[in-house]
Student: 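Let me begin by handing over the structure; questions about it come next.
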Amino acid sequence: MLPPLRISIVSSDAQLTSHLQLRLQSRGYQATGVPYSGGILGLFYSDPPDLLIIDLSADGTAGTTTITALRSDSFFSTIPIIGLVSPAVYDVFPWETSPLDDFVTLPLDFGELFSRIALSFSRIRRIFDNNPLTRLPGNTSIQRAIEDAMGKPLAVCYVDINHFKPYNDAFGFSHGDEVLRMLARIMFNAVRDAGGGFCGHIGGDDFVFVTSLAQVEPLCRTIIDHFDQIVQNLFDEATKRQGYYNGTNRKGEMEKIPLLSIAIAAVPMNSDQIRHVAKVAEVAAELKKLAKEAEGSHYVVDQRKG
């Protein structure tokens with residue numbers, strides 16, 4: 001079962017925010033209030049919402065600035081944004097420079113607002129193939145990103161979580177889902193900080209990112225370092241000291257299960273042997289097998305030239 005959809009309300013009106021939170025929560029949404037501030041984008045990076053409601057009635061300039069900043073970032077470009085607009089400024093509002101997905105006039109008609117929220121989520125599901133858990137692009141976008149990388153000085157990197165299924169079985173799907181979201185955030189932030197690139201979620205514990213050849217090794221090390229650090233918080237001290245827990249393997253047998261780690265297979269796209277997308281997955285499977293043979297988290301970059 002997926003967690004409740006998260007809606008952030010951006011407004012300087014505390015009373016409006018509080019009332020909106022209560023009404024949204026009554027409909028099963030997880031609603032949080034966010035005041036206008038210079039750190040608003042950083043807050044969304046650490047905990048991105050599924051939809052934004054931005055109050056444009058009191059401070060339209062701050063609202064339009066926030067919308068523009070969000071839309072200029074590819075990670076937030078898919079998040080639906082609904083504006084709350086005063087009827088007094090409806091005719092003069094700068095619609096062309098404020099890329100909202102929808103709007104509702106004040107005072108609020110909550111029936112209309114709930115309908116527009118539902119339509120926004122429905123529209124985004126139709127248009128984009130983003131994974132509903134991590135919100136990273138899915139297989140259609142991944143294939144397009146790999147095709148675009150063909151023949152360029154880029155690397156397509158496949159990421160897999162080692163021992164994920166027994167962890168899911170032992171600790172529950174909610175904990176497993178949090179590990180997937182955690183890895184998605186680590187990967188996305190590392191790629192962004194390294195100069196940008198593409199991040200996608202194939203499904204389950206399989207991810208992909210595309211980066212420059214110059215950044216691939218330091219980026220793999222960064223993702224591994226951050227993942228390994230955060231994984232330490234998932235286990236008690238005794239389990240961390242012994243380096244394993246008792247769990248069930250794929251055959252249904254009890255055994256000592258190592259702590260979570262990741263394997264990364266990096267495929268340079270300017271290699272002569274990479275002539276079509278299927279070959280990328282084939283080479284990545286070979287490299288990932290090598291990475292999984294190592295103890296703990298490990299990455300392998302294909303060094304073959306042809």
Side-chain angles (χ1 to χ4, degrees), residues 1-4 46-47 130-139 142 155-191 199-209 216-267 280-302:
M1 182 177 177
L2 292 174
S46 63
D47 188 22
N130 289 40
N131 184 284
L133 182 66
T134 62
R135 296 198 316 102
L136 290 177
N139 288 309
I142 290 169
V156 174
C157 305
Y158 288 75
V159 186
D160 180 72
I161 304 178
N162 300 323
H163 316 297
F164 180 71
K165 186 181 184 304
Y167 177 85
N168 235 3
D169 293 341
F171 295 94
F173 288 104
S174 61
H175 285 82
D177 286 349
E178 185 52 41
V179 171
L180 297 177
R181 284 193 291 266
M182 177 187 75
L183 177 55
R185 288 195 294 268
I186 290 171
M187 186 176 69
F188 176 83
N189 289 336
V191 170
C199 293
H201 188 175
I202 298 171
D205 60 322
D206 294 311
F207 295 82
V208 170
F209 67 89
V216 64
E217 293 207 49
L219 193 47
C220 287
R221 288 194 291 267
T222 296
I223 293 170
I224 285 174
D225 287 346
H226 289 177
F227 183 85
D228 287 350
Q229 288 174 24
I230 295 178
V231 158
Q232 294 299 307
N233 298 324
L234 303 178
F235 301 97
D236 58 38
E237 292 301 322
T239 301
K240 285 189 287 187
R241 281 195 300 271
Q242 66 189 15
Y244 66 87
Y245 60 92
N246 294 316
T248 306
N249 62 22
R250 292 182 181 272
K251 298 178 182 179
E253 303 165 338
M254 291 298 294
E255 68 174 13
K256 297 176 180 177
I257 307 294
L259 306 187
L260 293 173
S261 59
I262 55 175
I264 306 178
V267 183
V280 181
E282 179 185 322
V283 173
E286 297 172 5
L287 300 175
K288 195 157 59 173
K289 183 178 179 181
L290 292 173
K292 285 179 169 291
E293 289 174 355
E295 184 177 345
S297 296
H298 195 69
Y299 72 90
V300 176
V301 181
D302 191 19

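Both backbone and side-chain heavy atoms feed into the values below; hydrogens, waters and symmetry mates do not.
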Student: For Leu260 and Val231, which heavy atoms make the closest approach, and how far apart are they?
Tutor: O-CG1, 3.8 Å
Student: To check you understand the geometry: which heavy-atom pair defines the closest contact between Ala291 and His298, and what is its length?
Tutor: O-CB, 3.7 Å
Student: List the atom of Ala190, the atom of Thr222, and the distance in Å for their closest heavy-atom pair.
Tutor: CB-CG2, 4.2 Å
Student: Nearest 0.5 Å, please: how far is CD1 in Ile161 from NZ in Lys292?
Tutor: 9.0 Å
Student: If we ignore hydrogens and angles and just use 3.5 Å, is the side chain of Lys240 paired with the main-chain N or O of Gln232 as donor and acceptor?
Tutor: yes
Student: How close do Ser297 and Ile224 get, counting heavy atoms only, and between which atoms?
Tutor: CB-CG2, 3.4 Å
Student: Nearest 0.5 Å, what's the CD1-OG1 distance between Ile257 and Thr239?
Tutor: 12.5 Å
Student: Return the minimal non-hydrogen interatomic distance between Leu219 and Phe209, and the atom names on each side.
Tutor: CD2-CE1, 3.7 Å
Student: Any chance you could measure Leu136, atom CG, to Ile142, atom CD1, to the nearest 0.5 Å?
Tutor: 8.5 Å
Student: Hey, which of Asp206, Val208, Ile264 is the one that makes side chain to side chain contact (heavy atoms under 4.5 Å, CB included) with Tyr158?
Tutor: Val208
Student: Below 4.5 Å, heavy atoms only, C-beta onward: do Tyr244 and Glu255 meet side chain to side chain?
Tutor: no
Student: Using 4.0 Å as the upper bound for N to carboxylate O, is an ion pair formed by Glu286 and Lys289?
Tutor: no
Student: When rounded to the nearest 0.5 angstrom, what is the spacing between CG in Asn131 and CG in Asn139?
Tutor: 9.5 Å
Student: Parallel, tilted or perpendicular for Tyr245 and Phe171, by the 30°/60° rule?
Tutor: perpendicular
Student: Which distance, rounded to the nearest 0.5 Å, do you find between the CG of Leu180 and the NE2 of His175?
Tutor: 13.0 Å
Student: Are Thr134 and Phe188 close enough that some pair of their side-chain heavy atoms sits under 4.5 Å apart?
Tutor: no
Student: For Asp177, is there an ion pair with Arg181 - N to carboxylate O distance below 4.0 angstrom?
Tutor: no
Student: Show the nearest heavy-atom pair for residues Ser261 and His163, with the distance to one decimal.
Tutor: OG-CD2, 4.5 Å
Student: Going by heavy atoms in the side chains, are Ile262 and Tyr299 under 4.5 Å from each other?
Tutor: no
Student: Can you check side-chain contact (heavy atoms from CB on, under 4.5 Å) on Phe227 and Met182, steps first, answer last?
Tutor: CA-CA 8 Å; Phe227 183 85; Met182 177 187 75; 3.6 Å; yes
Student: Near Glu253 CD, under 6.0 Å, is it more than 12 heavy atoms from other residues, nucleotides or ligands?
Tutor: yes
Student: Taking the side chain as every heavy atom from C-beta outward, state whether Leu234 and Tyr167 have any atom pair closer than 4.5 Å.
Tutor: yes
Student: Return the CZ to CZ distance between Arg185 and Arg135, rounded to the nearest 0.5 Å.
Tutor: 10.5 Å
